> 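There's a structure below that I have some questions on.
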Amino acid sequence: QDPRGALLSFGNHKGYGLALACELLAGALINGGGHRPENANGQVIINNMLSVIIDPEAVGDAQFFADEIDAITTHVKASPPAPGVESVMVPGDPERKARAARSADGIPIDDESWRQIVDAAEQVGMSAAEVERITGA
């Protein structure tokens with residue numbers, strides 16, 4: 001079984017269309033190749049990427065754009081949250097919330113991951129005490 005594959009579609013016909021657009025833009029357009037049986041030769045990049053970068057000044061007014069983003073974001077976040085949800089969030093909010101929590105409380109690491117970190121450090125000559133001193137664990 002080939003472990004590679006295209007994005008699994010979600011959202012019915014709209015999700016299928018989005019997945020197909022991603023496959024065409026990030027596979028075919030950049031010559032990375034799409035997920036087809038003919039391309040399963042080990043030479044195709046598994047994680048193609050296409051970035052679209054737009055300079056707001058090239059198509060309009062950057063300050064107007066920034067003001068509209070703030071206004072639209074404020075409007076969306078003013079919506080009542082779904083039952084059981086603390087607040088309406090926009091992209092980036094969960095990451096900002098996690099960063100603030102981790103800055104205040106540290107990054108949670110499960111016991112197995114911590115053991116592997118200490119083992120790797122010991123393999124290069126560090127002691128567990130040195131790892132704990134450096135990481136503040």
Side-chain angles (χ1 to χ4, degrees):
Q1 177 96 357
D2 186 355
R4 301 173 299 163
L7 291 174
L8 180 63
S9 297
F10 61 91
N12 299 321
H13 67 285
K14 289 182 181 179
Y16 162 78
L18 179 60
L20 181 59
C22 289
E23 188 74 7
L24 295 173
L25 294 173
L29 180 64
I30 65 165
N31 298 331
H35 187 268
R36 300 181 299 119
E38 297 83 7
N39 289 340
N41 59 16
Q43 302 300 312
V44 175
I45 297 171
I46 296 173
N47 188 17
N48 295 313
M49 180 180 148
L50 170 71
S51 297
V52 177
I53 301 166
I54 301 170
D55 176 3
E57 285 294 332
V59 294
D61 181 286
Q63 188 57 56
F64 176 81
F65 181 58
D67 292 344
E68 279 295 291
I69 288 174
D70 289 342
I72 292 168
T73 300
T74 299
H75 175 70
V76 168
K77 291 176 82 166
S79 301
V85 175
E86 184 179 322
S87 64
V88 173
M89 292 196 277
V90 297
D93 282 350
E95 294 80 6
R96 285 184 283 275
K97 187 175 180 180
R99 182 180 184 128
R102 290 176 177 170
S103 293
D105 305 325
I107 300 171
I109 298 177
D110 64 272
D111 292 340
E112 176 59 19
S113 295
W114 182 249
R115 184 193 64 73
Q116 291 177 9
I117 290 169
V118 171
D119 287 351
E122 288 174 342
Q123 288 178 16
V124 295
M126 292 179 68
S127 69
E130 287 176 292
V131 175
E132 290 177 9
R133 180 182 55 77
I134 291 170
T135 61

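Numbering starts at 1 and runs along the sequence shown. This structure is a prediction, so every number in the text was calculated from the model and none was measured.
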> About how many Å separate OG1 of T74 and CD1 of I69, when rounded to the nearest 0.5 Å?
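Result: 11.5 Å between the selected atoms.
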> Look up atom CE in M126 and atom CD1 in I117, then write down how far apart they are to the nearest 0.5 Å.
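Output value for this atom pair is 11.0 Å.
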> Taking atom CG of D111 as the centre, does the number of heavy atoms from other residues, nucleotides or ligands within less than 6.0 Å exceed 12?
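Count not over threshold, so no.
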> Name every donor-acceptor pair, under 3.5 Å, that has one atom in a side chain of residues 53-60 and the other anywhere in the protein, sequence neighbours excluded.
unit_1: D55; atom_1: OD1; unit_2: E57; atom_2: N; d: 3.0
unit_1: E57; atom_1: OE2; unit_2: A62; atom_2: N; d: 3.1

> How would you list, by chain and number, every residue that makes a salt bridge (Lys or Arg N to Asp or Glu O under 4.0 Å) with R115, sequence neighbours excluded?
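E112, D119.
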> Listed by chain and number, what are the side chain to side chain donor-acceptor pair (under 3.5 Å) partners of S87, not counting sequence neighbours?
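By the side chain to side chain donor-acceptor pair (under 3.5 Å) rule, S87 matches no residue at all.
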> V131 and V118: which non-hydrogen atoms are nearest, and at how many Å?
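Nearest pair, atom of V131 first, then V118: CG1-CG2, 4.4 Å.
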> Write down the atom of P91, the atom of R96, and the distance for their closest heavy-atom approach.
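In terms of heavy atoms, the two residues are closest at O-NH2, 3.5 Å.
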> Mind checking side chain to side chain donor-acceptor pair (under 3.5 Å) for N31 and listing every partner two or more places apart, or none if nothing turns up?
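N31 satisfies side chain to side chain donor-acceptor pair (under 3.5 Å) with no other residue.
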> If you compare all heavy atoms of G106 against all heavy atoms of P108, which two are closest, and at what distance to 0.1 Å?
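Residues G106 and P108, closest heavy atoms: O-CD, 3.7 Å.
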> Please determine whether residues L50 and L20 belong to a single hydrophobic cluster, defined as Ile, Leu, Val, Met, Phe, Trp and Tyr linked transitively by side-chain heavy-atom distances below 4.5 Å.
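No, L50 does not connect to L20 through the hydrophobic network.
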> Can you tell me how far the CD atom of E68 sits from the NE2 atom of H75, to the nearest 0.5 Å?
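One gets 11.5 Å once the value is rounded to the nearest 0.5 Å.
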> So, using salt bridge (Lys or Arg N to Asp or Glu O under 4.0 Å) as the criterion, who are the partners of E86 when residues are at least two apart?
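Per chain and number, E86 pairs via salt bridge (Lys or Arg N to Asp or Glu O under 4.0 Å) with K97.
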> Locate the shortest heavy-atom distance separating T135 from W114; write the atom from each residue and the value.
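Heavy-atom minimum between the residues: OG1-CH2, 3.4 Å.
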> Applying side chain to side chain contact (heavy atoms under 4.5 Å, CB included), can you list everything that pairs with K77, at least two apart in sequence or on another chain?
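K77: side chain to side chain contact (heavy atoms under 4.5 Å, CB included) contacts with T73, V90, D93.
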> Verify the neighbour count for atom CE of M49: are there more than 12 heavy atoms of other residues, nucleotides or ligands below 6.0 Å?
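Counting other residues, nucleotides and ligands, CE of M49 stays at 12 neighbours or fewer.
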> Tell me whether M89 is reachable from I72 by hopping between hydrophobic residues (I, L, V, M, F, W, Y) whose side-chain heavy atoms are closer than 4.5 Å.
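No.
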